[in-house]
Every structure is written in structure tokens, then in C-alpha cells.
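The structure appears right after this line, and notes come after that.
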Amino acid sequence: GINAEYMGFIIWISMDKQEIIEVINKMAIYLDSQKWEEMKDCFIEEVEYDYSQIFDLPAAKVNTAEWINTFWKEGLKKWTFLMHFLSNFEVNVVGDKADAKCYVNCLHVLNGFPGGDRLTVYGQYELKLIKTPKGWKLCYMKVIGKYSEGNLKLAEISGHKKQQFQFIN
């Protein structure tokens with residue numbers, strides 16, 4: 001039979017995976033609801049991000065509070081509505097470090113915009129997390145764009161690269 005120590009290890013890994021998925025989901029929920037202080041709790045103090053595939057920004061390591069305040073808070077305030085849908089999570093835990101991937105589908109709405117008020121971007125997040133005394137925290141975030149639809153002129157106000165708005169292999 002299966003020994004108790006092995007079963008305890010399996011349960012521990014499953015709990016960690018669930019906590020990691022919860023942190024990732026909270027990050028998206030706080031982003032969409034503009035709960036910036038709560039969002040900071042999802043990350044360590046300095047985070048590496050790579051949005052270079054969909055924005056004209058180089059990958060960088062930045063202070064989390066500054067990144068949230070400049071990139072997200074300022075960059076997203078023009079939208080009437082945002083909603084990130086996350087799914088198909090894959091999580092691998094090794095000790096106090098984890099790698100995670102998930103699909104992301106983000107609806108952007110700007111009411112009254114000429115030509116249509118919606119833009120939807122589909123892609124994937126690649127994430128790294130570390131376990132801290134306060135739980136799992138994101139330390140790396142990469143966005144890979146796959147496809148976009150809707151009013152592509154909305155891409156210009158969001159700063160997305162033009163080539164993002166087609167099928168990407």
C-alpha cells in the first residue's frame with residue numbers, strides 16, 4: 001500500500017498548487033477591480049516582468065509598488081471595463097519555488113469608442129512564484145499573446161504592438 005508519509009507529501013503539494021492558483025486568480029481580480037493595495041500583496045517586493053511580446057517594453061526587474069502604480073494603475077484607468085478570465089492552470093512545485101502557466105482572455109471595453117467599444121486579447125501567462133512566510137507570491141510574470149479580436153484601434157490606446165492583433169504562432 002501507499003505509506004502515510006508519501007500521502008502527506010501528495011496532500012502538501014496539492015495544497016500548495018491550490019494556494020498558487022488562488023494567488024494568480026486574486027491578481028487578476030484585483031487588477032480588474034482596481035484594488036491596487038491588495039494587488040501588491042500578490043507579489044514580492046521586486047518583480048520581473050516580460051510583456052515585450054505584446055507591448056513595446058523591454059523585460060525588466062522593477063519595484064512592485066512602482067510597477068503597479070505606473071504600468072497598471074495609470075495605464076488602465078482609461079478603460080470603462082476590464083475583465084481577465086484565467087483558465088487551464090499548470091503548476092509545478094519544487095520546494096519553495098513554483099512555475100505556473102495559464103490561459104488568459106482579457107476583455108477591454110471603452111464605451112463610445114468610434115468603430116466599436118470592445119477589444120479581446122487571448123494569450124498565456126508564464127509565472128514564477130516563491131513561498132514566503134506570508135504565503136506564495138509572484139516574482140516573475142510573462143505574457144504571451146496569441147490572438148486578438150474586436151476594434152483593433154483600441155490597441156493603439158492600450159499600447160499593444162500592432163502585430164499582436166493577428167494570429168501568432
If you define the side chain from C-beta out and look only at heavy atoms, does anything of [X] sit under 4.5 Å from [Y]?
X	Y	answer
Arg118	Leu107	yes
Glu90	Asp99	no
Asn25	Phe89	yes
Ile130	Lys128	no
Leu119	Asn151	no
Met83	Thr120	no
Glu38	Lys26	no

Donor-acceptor contact below 3.5 Å, side chain Thr64 vs main chain Ile44: yes
Any donor-acceptor pair under 3.5 Å from Thr80 side chain to Asn111 backbone: yes
Interatomic spacing from [atom1] in [X] to [atom2] in [Y] - rounded to 0.5 Å:
X	Y	atom1	atom2	value
Cys42	Leu31	SG	CG	10.0 Å
His108	Leu82	NE2	CG	5.5 Å
Glu46	Asn63	CD	CG	6.5 Å
Lys134	Asp41	NZ	CG	7.5 Å
Lys61	Glu48	NZ	CD	5.5 Å
Met27	Phe43	CE	CZ	5.5 Å

Under 3.5 Å side-chain donor-acceptor pair for Glu149 and Tyr122: yes
List the atom of [X], the atom of [Y], and the distance in Å for their closest heavy-atom pair.
X	Y	value
Ala59	Ser52	N-CB, 4.4 Å
Leu129	Ala100	CD1-CB, 4.2 Å
Val91	Lys17	O-CE, 3.1 Å
Leu154	Asp117	CD1-C, 3.7 Å
Tyr51	Met141	OH-CE, 3.3 Å
Gly95	Trp136	O-CH2, 3.9 Å

Within 6.0 Å of OH in Tyr103, more than 12 heavy atoms from elsewhere: no
